[in-house]
Engineer: 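There's a structure below that I have some questions on.
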Protein chains: 2
Amino acid sequence: MDTLEIPVETVFAPRPALSAADEKLKVTQDLFIRRWGEMGATWGINRTMAEIHALLYIMGQPCCTDDVMERLNISRGNASMSLRGLCDWGIIRRLHKRGERREYFESLTDVWEIFSIIAAERKRREMDPVLETIRQCQVMLSEASLGKAAAKRDSVRLTRERLASMEEFMEVTNKIFQQFIGNAKSGLTRVVKVLLKAF
Amino acid sequence: MDTLEIPVETVFAPRPALSAADEKLKVTQDLFIRRWGEMGATWGINRTMAEIHALLYIMGQPCCTDDVMERLNISRGNASMSLRGLCDWGIIRRLHKRGERREYFESLTDVWEIFSIIAAERKRREMDPVLETIRQCQVMLSEASLGKAAAKRDSVRLTRERLASMEEFMEVTNKIFQQFIGNAKSGLTRVVKVLLKAF
DNA sequence: CGATTGTTTCAGTAACTACTGAAATAGGAG
DNA sequence: CTCCTATTTCAGTAGTTACTGAAACAATCG
């Protein structure tokens, strides 16, 4: 079997050498990016998307698709899909530079804002449906035990009770989320005050 | 090809017929269980584990491994592993009945307690490592820019700033978690008061 | 218009996670 | 000890999700 003889520097394209300080910066950023990615993975968002977000956040300056691909060593397709996903979430933004053809992306800078966007979305997707289901269950149980001694049987009573306390919990939690979401920009101080009034 | 002729009632073991009310109760519980499972899936815990927990919670009475297997239609192995997992989390308990050989399981009944256990674990597993990493990054950056003009270069400055605001955010969030975790049993009212003092 | 550059889509596949069913293990009763 | 029942472990596999690379598409320029 023949082997192609290609000069190494053709395959591994030469890069501008990094100064020691630049190298250290890069290593630091990479560490942050990796950890952030791991966290994202346990959070519904997938690892790569989280890493891209971390990259844009920590760089503090706009990057284009190729920057992201190169830095994180991922394919064009993956980069494109993930960037779009992050834009859909609203935690990064597309950015056109004057006279430039290619698109850049930058992360929101306000951490409170980033997290409140995520919180809002998670509430909508995860808590709201559960709360709705609990209410639906309560209605079903009422119907089931109408005009019966059944309403007093243990099994029904127990299920009723459990549904009720779960509902109470989720309602309170929902209120907290709502306040958090609506007030993120001003930090938590105000949220706490508002909450105190609510109880 | 031959077919085995097995009486239907041999394959599908006869079950005690359910009354209309019991049937309705079961359907209601199943609805809750399914939704809870879906939510769990987006929460790091897997669907089956979440469903088992939902079952034990909503039933309000201890079940054994076979009850769980039959009700959720899962294998013995799966049931065994998942029940153990839930015990490890601490949101269900093993329970021996006098004179009975087999083990029963029951869910904690206090919703606040259940969620504070989950919150504590998630904080430990997800937030703490990130906070630690951020601090580590800050140290690395300091070293990198010692005795250099580098400290003033944009890229380093930007990264520094980002790390700092993320750290601030996570510290506040951590405090909230801590309060929540420590005070779950008494509901949120107290937590809110404590928080107010803290800021 | 065609050439050039950048972006999106998507079929195929790699990597991973969850589940089953059977075998191994544990432990109480006789 | 053996027998019996309950539980755990685990190899193999089904099912799922994430990623690549190439092709299709879009947009700008000369």
Side-chain angles (χ1 to χ4, degrees), chain A residues 11 13 33-34 36-56 62-89 92-106 125-126, chain B residues 11 13 33-34 36-56 62-89 92-106 125-126:
Chain A
V11 179
I33 292 168
R34 221 170 319 121
W36 199 251
E38 286 163 12
M39 192 185 74
T42 64
W43 249 81
I45 215 170
N46 79 37
R47 192 176 47 72
T48 305
M49 270 173 84
E51 285 190 352
I52 293 177
H53 176 252
L55 172 64
L56 295 177
C63 299
C64 66
T65 308
D66 294 77
D67 294 337
V68 172
M69 287 168 56
E70 188 183 326
R71 182 73 182 261
L72 300 182
N73 229 308
I74 59 176
S75 71
R76 187 168 297 282
N78 195 2
S80 171
M81 301 269 261
S82 300
L83 284 166
R84 159 196 283 274
L86 288 167
C87 289
D88 289 348
W89 271 71
I92 71 170
R93 288 216 194 84
R94 262 167 217 284
L95 180 70
H96 286 281
K97 287 194 179 179
R98 282 237 157 273
E100 275 248 35
R101 191 100 155 249
R102 81 177 84 192
E103 289 195 290
Y104 286 79
F105 299 88
E106 63 177 359
R125 285 203 275 187
E126 290 158 35
Chain B
V11 180
I33 291 167
R34 220 171 319 122
W36 200 251
E38 286 163 13
M39 192 186 71
T42 65
W43 250 81
I45 215 169
N46 80 35
R47 192 176 46 72
T48 306
M49 269 173 86
E51 285 191 352
I52 293 176
H53 176 251
L55 172 63
L56 294 176
C63 301
C64 65
T65 307
D66 293 79
D67 293 338
V68 172
M69 288 167 56
E70 189 183 325
R71 182 69 183 264
L72 300 181
N73 230 307
I74 59 175
S75 71
R76 186 169 297 282
N78 195 3
S80 172
M81 301 268 262
S82 300
L83 283 166
R84 159 196 284 272
L86 288 167
C87 288
D88 290 348
W89 271 72
I92 70 171
R93 289 216 192 84
R94 263 166 216 283
L95 180 70
H96 286 280
K97 287 194 179 180
R98 282 236 157 274
E100 275 246 38
R101 190 98 157 252
R102 82 176 84 194
E103 290 195 292
Y104 285 78
F105 299 87
E106 64 177 0
R125 287 204 273 187
E126 290 158 35

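Per chain, numbering begins at 1; letters A, B, ... match sequence-line order.
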Engineer: Just jot down the side-chain contact (heavy atoms from CB on, under 4.5 Å) partners of Arg101(A), sequence neighbours excluded, or say none.
Structural biologist: none

Engineer: Going through the distances and angles, do His53(B) and Ile92(B) end up as a side-chain contact (heavy atoms from CB on, under 4.5 Å)?
Structural biologist: CA-CA 7 Å; His53(B) 176 251; Ile92(B) 70 171; 3.8 Å; yes

Engineer: Tell me the interatomic distance from Met69(B), atom CE, to dA22(C), atom P, rounded to whole angstroms.
Structural biologist: 12 Å

Engineer: Quick one: Glu100(B) CD to dA29(C) P, roughly how many Å, whole number?
Structural biologist: 13 Å

Engineer: Would you say Asp67(A)'s side chain and Cys64(A)'s backbone share a donor-acceptor pair under 3.5 angstrom?
Structural biologist: yes

Engineer: I need the Phe105(B) CZ to Leu83(B) CG distance, nearest 0.5 Å.
Structural biologist: 4.5 Å

Engineer: Please report, rounded to the nearest Å, how far the P atom of dT7(D) is from the CZ atom of Arg94(B).
Structural biologist: 8 Å

Engineer: Step by step, would you call Tyr104(A) with His96(A) a side-chain contact (heavy atoms from CB on, under 4.5 Å)?
Structural biologist: CA-CA 6 Å; Tyr104(A) 286 79; His96(A) 286 281; over 6 Å; no

Engineer: Closer than 4.0 angstrom, basic N to acidic O: yes or no for Arg47(A) and Glu51(A)?
Structural biologist: yes

Engineer: Once each nucleotide of nucleotides 13-29 of chain D is scored for protein heavy atoms under 4.0 Å, what B/S/- sequence comes out, 5' to 3'?
Structural biologist: -----SSBB-----BB-

Engineer: Figure out the CZ/P separation between Arg102(B) and dG28(C), and round it to whole Å.
Structural biologist: 17 Å

Engineer: Between dT9(C) atom C1' and Arg84(A) atom CZ, what is the distance in whole Å?
Structural biologist: 9 Å

